[in-house]
Every structure is written in C-alpha cells, then in structure tokens.
Amino acid sequence: MKKTKTIILAAGKGTRMHSDVPKVLHRICGRSLLDHVITANQDAGIKDVAVIVGYQADAVRTTLPETVTAFVQKEQLGTGHAVMQALPFLEGFDGNVLILMGDAPLVRPQTLQGLIEAHEKSGFAATVLTACFDDPTGYGRIVKNGEALEKIVEQKDATPEEQQITEINSGMYCFDAAALKKALAEIKPQNVQGEYYLTDSIEILQKAGEKVGSYPTADPGDIAAVNSNIQLAQTAKIMQRRINEKLMDSGVVMIDPERTYLSAQTTIGRDTVVYPGVITEGIVQIGANCVVGHDSRIVDSIIADGVDIQISTILNSDVDSGTHVGPYAYLRPDSHIGKNVKVGDFVEVKNSTMKDGAKASHLTYIGDAEVGKNVNLGCGTVFVNYDGTHKFRTVVGDNCFIGCNSNLVSPVTVADGAYVAAGSTITKDVPGEALAIARARQVNKEGYTKKMPQLKDKKKGTK
Ligand code: UD1
Ligand code: CA
C-alpha cells in the first residue's frame with residue numbers, strides 16, 4: 001500500500017445552520033463534527049491529516065489535535081479552491097490523497113480503508129465514494145457513460161435528466177497526489193455558483209485520458225452530511241445507534257437504546273444496566289454490574305464496578321465500587337467518592353473526598369472537605385465552606401458521627417471518633433472521641449401558654 005495523506009474541508013460557514021458557531025464545530029455524541037472525521041482517520045491509521053479552515057478559522061484551529069496541520073482559506077471560493085490551499089502539504093508527495101468533508105461525521109475507518117483499497121486495486125487516478133439515495137436532493141450526481149464515470153454535476157447545475165440520477169457524490173475521494181495537483185490547476189469557476197468545484201476534477205482527469213471511477217459504500221449511513229439542524233439531529237441518531245449497539249454487543253444492558261445518549265468516548269463494563277434518559281459527555285468510564293438509573297448525567301468521570309446511580313448528576317469526579325448515589329445527588333467537579341459510600345437523596349458534594357463506608361443519606365452539602373471512613377453525616381448537615389470572600393476546608397476524621405442539622409463552619413477539624421450533637425454549629429476544632437454540643441440549651445417554661453391572653457380567649461371559644 002502507498003502512503004496516504006488526508007485533507008479535510010472545514011472552511012465553510014454553514015449558512016443553513018442559522019448559527020454563530022462554525023458548522024464543523026457543532027457537536028454530536030459529545031464530539032464536534034470535525035473531530036469525528038479526524039478520529040476516523042486516526043482509527044484508520046492515517047497519520048498525516050490537514051484541515052482547511054476559513055470561517056472563524058481561529059475557533060476551529062484551537063480544537064485541532066497537535067498532529068493536525070491547518071491551512072487557511074481566506075475566502076470560501078469553493079471546495080476545489082479549499083483543496084488548493086493545502087498544496088504545500090502535498091509538495092513532493094506522490095501517494096494517495098483522501099479528501100473528506102468536515103461536515104460528514106459518520107464516515108467510518110473501515111470505509112476509508114475500503115476506499116483506499118479499491119482505489120489502489122483499480123489503478124484509478126481518482127476514486128469517488130458514492131451511495132444511492134432515494135432522495136438525492138442537494139447532492140452532486142454521479143454521471144456515468146455505461147459503467148464508466150464521466151463527471152459529477154452539482155444539483156444547481158444539473159439538467160432535469162441528471163437530477164433523476166440517484167447515485168450521489170459523498171464529497172469524499174481518494175486521488176493520486178499527482179493527478180489531484182494536475183486537476184486543481186485546471187479547475188475554473190464556471191458554474192451557477194461561480195465557485196471552484198472540486199467535483200470538476202473528475203471530468204478534467206477523465207477528459208485528459210486518466211482513469212477515474214466510483215466506489216459505492218456498503219453503508220449509505222456513512223455519507224450523510226450536516227447542512228441543517230435537522231440533519232444534525234439525524235446524524236446524531238445514527239451515530240448514537242452505533243455507539244449503543246457496540247456497547248450492547250459487549251454486554252451492556254440498555255432498557256431503551258433509542259433514549260440513551262452516550263458520548264463516543266464512553267466505556268461501560270458488562271452487565272451494567274443503563275436506564276432511559278441517561279446522558280454521558282466527554283470521557284466517561286463506567287464499570288461492570290452498575291445500575292445507571294434514568295435521567296442521570298455523567299460528564300468526564302470514572303465510575304467503578306457495582307455502583308448504583310439514581311437520577312443524579314456527576315461531573316468530573318470518581319466513584320469507587322459498591323457505592324450508592326442518589327436519587328437526586330449532585331457530585332460537582334473534583335469529588336472522590338470511596339467504596340461502599342452512600343451519597344443519598346438531595347446531597348451535593350463539591351471538591352471533596354468521602355472515604356470508604358462514609359454516609360450522607362439525605363439533604364446534605366459537603367464542600368471543600370475530607371470526610372473520613374465510616375463517617376455518618378446526619379440529615380441536613382452543611383459544610384459552611386464560604387465566608388463570602390474565601391473558601392476554606394473542613395476535615396472530618398474516621399468514624400465520626402455528625403448529628404442532624406449541624407453546620408461545620410470551615411476551617412474546622414472534627415477528629416477521629418468524635419460526635420457532634422444534632423443542631424450544632426461547630427466553629428472550633430473537636431478533639432477525637434469528644435462529644436461537641438454547640439446549640440442553645442433548651443428551657444421549658446411551665447404553664448406559659450395558659451397565661452397568654454390571646455390563647456385564653458381562643459380556648460374559651462372552643463368550649
Ligand atoms: C459538496 C459537493 C457535492 C457533494 C456534497 C456531499 C462540491 C462542489 N460539491 O456539496 O457534490 O454531494 O458536498 O456532502 O464539492 N468548504 C470549504 N471551502 C469552501 C467551500 C466548502 O472548506 O470554499 C467545506 C465546507 O466547510 C464543508 C465542505 O467543504 O465542510 C462541503 O461544503 P458544502 O458547501 O457543504 O458543499 P455541498 O454544497 O454540500
Ligand atoms: Ca455539505
């Protein structure tokens with residue numbers, strides 16, 4: 001096999017999206033459209049990748065991996081003009097050049113490999129990846145003379161007969177580098193849109209006596225391009241189905257895969273059950289034998305085996321095995337939750353560690369804290385970590401018991417084995433194994449209400 005370089009076109013604005021965000025930065029399944037295309041190349045083993053940027057060039061460029069080279073197309077004068085900007089990338093190169101579209105995120109590594117193989121086997125100077133669509137509207141049409149590929153015509157330039165053709169141009173090609181350079185030099189903006197069409201290179205090469213051909217994809221789902229928000233949702237659905245089916249094939253149980261929204265970088269262990277409405281974003285690792293309950297959202301987090309999560313949000317955190325989270329728990333960034341911990345209903349944890357066996361069963365806020373092993377935080381415990389200007393840390397040692405409705409005013413330490421009486425506001429350190437009571441003593445005033453005139457009248461009235 002020859003060496004292959006890839007050029008991805010991503011300079012367009014995406015007018016039909018009606019958005020301030022460049023089209024190729026719109027996201028499906030947790031990644032930008034462009035990033036999906038780049039990843040397909042990496043997965044196909046193609047290391048030399050260039051991207052043509054233009055509209056909001058800097059915004060697009062900052063999302064690129066370091067290994068990818070960007071070329072700027074200052075004015076968007078068409079797909080052919082876009083490829084011309086990458087000529088320095090092809091200097092002295094005589095291998096294969098894949099041209100891909102930054103707005104066609106569904107292309108898979110095996111499809112790219114298939115295209116390259118077909119191209120090399122046939123000895124074509126250019127091979128076009130094609131598909132047959134029942135509704136080819138909007139795509140360039142593949143015009144053939146018998147079996148031989150003649151040219152590609154754009155929808156806007158097609159005759160009524162050509163518009164009937166259902167074989168369409170995916171916008172993805174494999175060229176011989178030399179043939180591509182030769183064709184680019186001859187493309188002229190003579191068409192309805194006044195653009196330099198890359199598609200014209202096929203007719204140019206064919207007329208110059210070079211062999212050109214098409215490679216129909218096995219899966220037309222690979223080709224769908226995003227030009228509108230409706231198509232964005234449609235491609236997301238296809239991508240999501242692929243992600244979910246791959247996970248189910250590896251032993252994950254999904255109650256309703258049609259309503260399960262997992263990022264492309266989500267891994268899940270076997271026998272884990274995922275309920276409807278679950279969303280993962282970014283890099284998420286979930287272990288085996290977990291339950292991820294309905295409508296939970298997990299972002300950039302690591303969940304170990306046997307964890308039970310119920311309708312909760314977990315951001316940038318890790319949760320160790322056998323732990324229960326929720327319902328309605330909120331783990332905010334940099335929280336480290338140990339083994340067999342309980343983060344119960346309406347519990348919020350932020351930038352804190354809960355060690356093995358710790359429990360906060362209900363209605364608790366744990367911020368900037370370390371909670372020791374087997375600690376029990378009673379209902380309504382609040383770590384008072386903010387004085388209006390600064391944040392402070394609280395440490396609760398192993399085996400402590402914090403009574404209901406207590407405030408731990410940071411910075412403060414409750415040492416190992418200490419108890420805090422319910423309703424206390426703790427402002428001073430508590431020594432190990434001590435009982436801290438920090439609340440007003442109860443006073444009972446005997447017969448008090450009998451003497452209150454308004455209550456006296458009321459009581460009479462009821463007689
Ligand atoms: C293009 C093809 C069409 C094909 C379709 C597949 C041409 C002339 N037409 O049409 O045959 O069926 O893709 O989806 O090639 N871009 C640039 N610079 C430009 C223009 C476009 O970088 O000057 C980029 C866009 O960012 C986009 C891609 O090229 O990622 C395709 O551009 P778009 O305008 O969407 O082309 P289509 O009209 O869809
Ligand atoms: Ca397009």
Side-chain angles (χ1 to χ4, degrees), residues 6-17 19 21-26 32-38 50-57 59-61 63 70-86 89 98-107 126 128-133 135-143 149 151-158 162-163 165-173 175 180 183-184 187-204 214 216-217 220-228 231-232 234-235:
T6 294
I7 300 171
I8 304 171
L9 310 192
K13 179 175 183 216
T15 311
R16 290 163 281 181
M17 305 289 286
S19 167
V21 179
K23 175 162 76 172
V24 294
L25 294 191
H26 281 263
S32 73
L33 301 179
L34 179 56
D35 200 22
H36 281 290
V37 184
I38 293 171
V51 173
I52 312 298
V53 297
Y55 177 71
Q56 290 194 26
V60 177
R61 208 197 319 242
T63 69
F71 292 92
V72 181
Q73 183 193 23
K74 284 208 185 76
E75 272 182 286
Q76 281 72 65
L77 302 178
T79 46
H81 183 258
V83 178
M84 291 172 200
Q85 311 312 307
F89 180 65
L98 279 186
I99 310 278
L100 305 175
M101 300 283 175
D103 65 352
L106 295 175
V107 68
V128 187
L129 184 73
T130 68
C132 285
F133 282 176
D135 178 12
T137 313
Y139 288 92
R141 307 297 206 283
I142 300 296
V143 180
L149 173 59
K151 61 177 178 177
I152 300 171
V153 285
E154 289 307 291
Q155 165 96 19
K156 288 181 180 152
D157 303 290
E162 286 167 341
Q163 291 200 10
I165 299 172
T166 55
E167 188 174 9
I168 61 99
N169 170 26
S170 67
M172 303 181 220
Y173 321 78
F175 282 92
L180 175 63
L184 286 178
I187 295 176
K188 295 192 176 62
Q190 281 157 358
N191 47 58
V192 173
Q193 302 193 85
E195 288 185 357
Y196 294 84
Y197 285 170
L198 178 62
T199 43
D200 286 351
S201 59
I202 297 302
E203 192 178 9
I204 291 168
S214 61
T217 172
D222 268 25
I223 279 172
V226 174
N227 296 304
S228 66
Q231 289 173 332
L232 186 73
Q234 286 166 342
T235 51

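One-based numbering along the sequence shown. Note that ligands are numbered from 1 as they come in the structure, with each ligand's atoms numbered from 1 the same way.
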Atoms of ligand 1 close to [X] [distance to a heavy atom under 4.0 angstrom, numbered from 1]:
| X | value |
| --- | --- |
| Ala82 | 17 (C), 18 (N), 22 (O) |
| Leu77 | 23 (O) |
| Thr79 | 7 (C), 8 (C), 15 (O), 20 (C), 21 (C), 29 (O) |
| Gly140 | 3 (C), 4 (C), 11 (O), 12 (O) |
| Lys23 | 35 (O) |
| Gly102 | 30 (O) |
| Asn227 | 35 (O) |
| Ser170 | 6 (C), 14 (O) |

Any N/O of [X] closer than 3.5 Å to an N/O of ligand 1?
| X | result |
| --- | --- |
| Ala11 | yes |
| Leu198 | no |
| Leu9 | yes |
| Tyr173 | no |
| Gln73 | yes |
| Ala225 | no |
| Tyr197 | no |

ask   = Considering only heavy atoms, which of Met101, Met84, Glu195 lies nearest to atom 1 (C) of ligand 1?
value =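 Ranked by closest heavy atom to atom 1 (C) of ligand 1, first place is Met101.
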
inquiry  = Quick check against the 3.5 Å criterion: does Thr79 have a side-chain atom that pairs as donor or acceptor with the backbone of Leu198?
reply    =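 Looks like yes, one N/O pair under 3.5 Å.
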
ask   = Tell me, do Gln190 and Asp200 make a side-chain contact under 4.5 Å, heavy atoms counted?
value =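 No, side chains not in contact.
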
inquiry  = Under a 3.5 Å cutoff, is there a donor and acceptor pairing between the side chains of Tyr173 and Asn169?
reply    = yes

ask   = Between Gln193 and Lys156, is any side-chain donor less than 3.5 angstrom from a side-chain acceptor?
value = yes

Do you know which of [options] makes side-chain contact (heavy atoms from CB on, under 4.5 Å) with [X]?
| X | options | value |
| --- | --- | --- |
| Leu149 | Thr130, Val143, Ile142 | Ile142 |
| Glu162 | Glu154, Lys151, Gln155 | Lys151 |
| Leu34 | Val60, Asp103, Leu9 | Val60 |

key: Heavy-atom closest contact (Met172 atom, Val107 atom, distance)   = SD-CG2, 3.7 Å

